[in-house]
2 protein chains.
Amino acid sequence: MSPQEKLPATTYAVMGLLSQGPRSGYDLASYAEMSIANFWSVAKSQVYRELSRLESLGFVDATEVKQQALPDKRIYSLTKKGEAALIDWLNTPQPQPDRMRSMFLLKVFFGNLIDSDELIRMIEDHGQDARETSIRLSSIAEQLETDPNMEYVLATARLGAKVLEATADWADETIKALKKPAKRKVNKGR
Amino acid sequence: MSPQEKLPATTYAVMGLLSQGPRSGYDLASYAEMSIANFWSVAKSQVYRELSRLESLGFVDATEVKQQALPDKRIYSLTKKGEAALIDWLNTPQPQPDRMRSMFLLKVFFGNLIDSDELIRMIEDHGQDARETSIRLSSIAEQLETDPNMEYVLATARLGAKVLEATADWADETIKALKKPAKRKVNKGR
DNA sequence: ATCCTCATGTAACACGTTACATGATTAC
DNA sequence: GTAATCATGTAACGTGTTACATGAGGAT
């Protein structure tokens, strides 16, 4: 409905966090780190940039808060207009699906250039990491299951757990597959 | 071994592509799009920037090729020094595991702000996309299975297929879970 | 004839990351 | 008493994305 110009997702992420209640930039940054960071990380400095932008758009209001010991701060809250923009964005389906981005896969892809044992070791590590994080997310999910208000948060935790579990399984299978054939040595000379 | 300053992964991606044979910037860009784009996309303009950087580092050589109909071009090839740097990088295990980044999950996370039917529709779409791409990657993987030289490329295709399959399964489960409880309406006020 | 794509790339901008600043408290 | 952390943010830089340029050949 609103003929909005397109803003980056991070802007909406900040608004989303603000929709749960007013916060300072600093608080928002730490809150982001504990909540959405698993699938959308936002650096501190980005938070501040987005807040200025949002303020100039009228999507947030700020109130100065003086402090004695700590530096003064500004508490931001989402305006009606901001909330409308956020809801509008949330309702808009993405044209393109998310693209994966993995340095690890890049290394695997060019794996023929290095010693296969070394690559296998890297895949093992990657698998273990994935397994551990998957378990961590599963236990978070378990705790969330009891709270009916958290169903969407729960869903994101479950996806993370599931994807990482698949990754860990892949690592196991891949290592097996790579170990079977006659072990090839480093392909160094061109 | 080499006391290298840290370069971005994209630089090594370009070197990796060049390790398969000399190409022009344009060719590299299209080649990237057909090969590594699934897990590491590189824009045309980035390719050129990386090539200049690599040239000034002595990691690639360029030769001018005059053309009559088409614009002249420069063909780049990886030098020994470049190959060494690439191999060095490939051998270095990543300190941090890759972080996921998904706009879709961002929307799900804040899903309580919109109508649940709309969100369900988005999850359905996402799941279908994932399923389709998973199948596409599986069939690519199948073709790669016959070629013993492609084992690492195969591995990346399989991971993509597996992760996307898990995503699609998650979508199905999540939709079921969201439909069960008394359907809640839009949470618009405050 | 005009429009689109191919084949080459360059330029501008915007997002994301890392480093810097600063004073009070807590830790050792 | 020096060092790390907390609580606030700002500044600088570098990666990544989008738009611009240009001429030939193919499509309709």
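Each chain gets a letter, A, B and so on, in the order the sequences are listed, and its residues count up from 1. Everything numeric here is computed off the predicted structure, so don't read it as measured data.
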How does protein reach along nucleotides 13-18 of chain C, written 5' to 3' as B (base within reach of a heavy atom under 4.0 Å), S (only sugar-phosphate), or - (no contact)? --BBBB
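With the end axes of the helix from dA1(C)-dT28(D) to dC28(C)-dG1(D) each set by five pairs, the angle from one to the other reads 30° at 10° resolution.
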Show every donor-acceptor pair shorter than 3.5 Å between a side-chain atom in residues 49-61 of chain A and any protein atom, with sequence neighbours excluded, or say none if there are none.
residue: E50(A); atom: OE1; partner: T11(A); partner atom: OG1; Å: 2.8
residue: E50(A); atom: OE1; partner: R53(A); partner atom: NE; Å: 2.9
residue: E50(A); atom: OE1; partner: R53(A); partner atom: NH2; Å: 3.4
residue: E50(A); atom: OE2; partner: R53(A); partner atom: NH2; Å: 3.3
residue: S52(A); atom: OG; partner: Y48(A); partner atom: O; Å: 2.9
residue: E55(A); atom: OE1; partner: R74(A); partner atom: NH1; Å: 3.3
residue: E55(A); atom: OE2; partner: R74(A); partner atom: NH2; Å: 3.3
residue: S56(A); atom: OG; partner: R53(A); partner atom: O; Å: 2.9

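With sequence neighbours excluded, the residues that form a side-chain hydrogen bond (donor to acceptor under 3.5 Å, both in side chains) with E118(B) are R121(B). The ring-ring contact (aromatic ring centres under 6.0 Å, His included) search around F109(B) returns F39(A), not counting sequence neighbours. Under the side-chain hydrogen bond (donor to acceptor under 3.5 Å, both in side chains) criterion, T167(B) pairs with no residue, sequence neighbours left out. When the salt bridge (Lys or Arg N to Asp or Glu O under 4.0 Å) test is applied to R99(A), the partners found at least two apart in sequence or on another chain are E33(B). Listed by chain and number, the residues in a side-chain hydrogen bond (donor to acceptor under 3.5 Å, both in side chains) with D129(A) amount to none (sequence neighbours excluded).
Distance, L28(B) CG to dA7(C) C1': 14 Å, rounded to whole Å.
For residues 35-45 of chain A, no residue pair satisfies the salt bridge (charged side-chain N to carboxylate O under 4.0 Å, His left out) rule, not counting sequence neighbours. The list of side-chain hydrogen bond (donor to acceptor under 3.5 Å, both in side chains) pairs with a residue in residues 134-144 of chain A, not counting sequence neighbours, is empty. Applying the ring-ring contact (aromatic ring centres under 6.0 Å, His included) test to every pair with at least one member in residues 128-149 of chain B, sequence neighbours left out, gives no pairs at all.
For the pair Y48(B) and Q68(A), both in contact range of DNA chain C, the more 5′-proximal nearest nucleotide belongs to Y48(B).
The outermost nucleotides of DNA chain D lying under 4.0 Å from heavy atoms of chain A, listed 5' to 3', are dC6(D) to dG16(D).
Both tests do not hold together for R23(B) against Y76(B): distance to the six-membered ring centre under 6.0 Å, angle to the ring axis within 45°.
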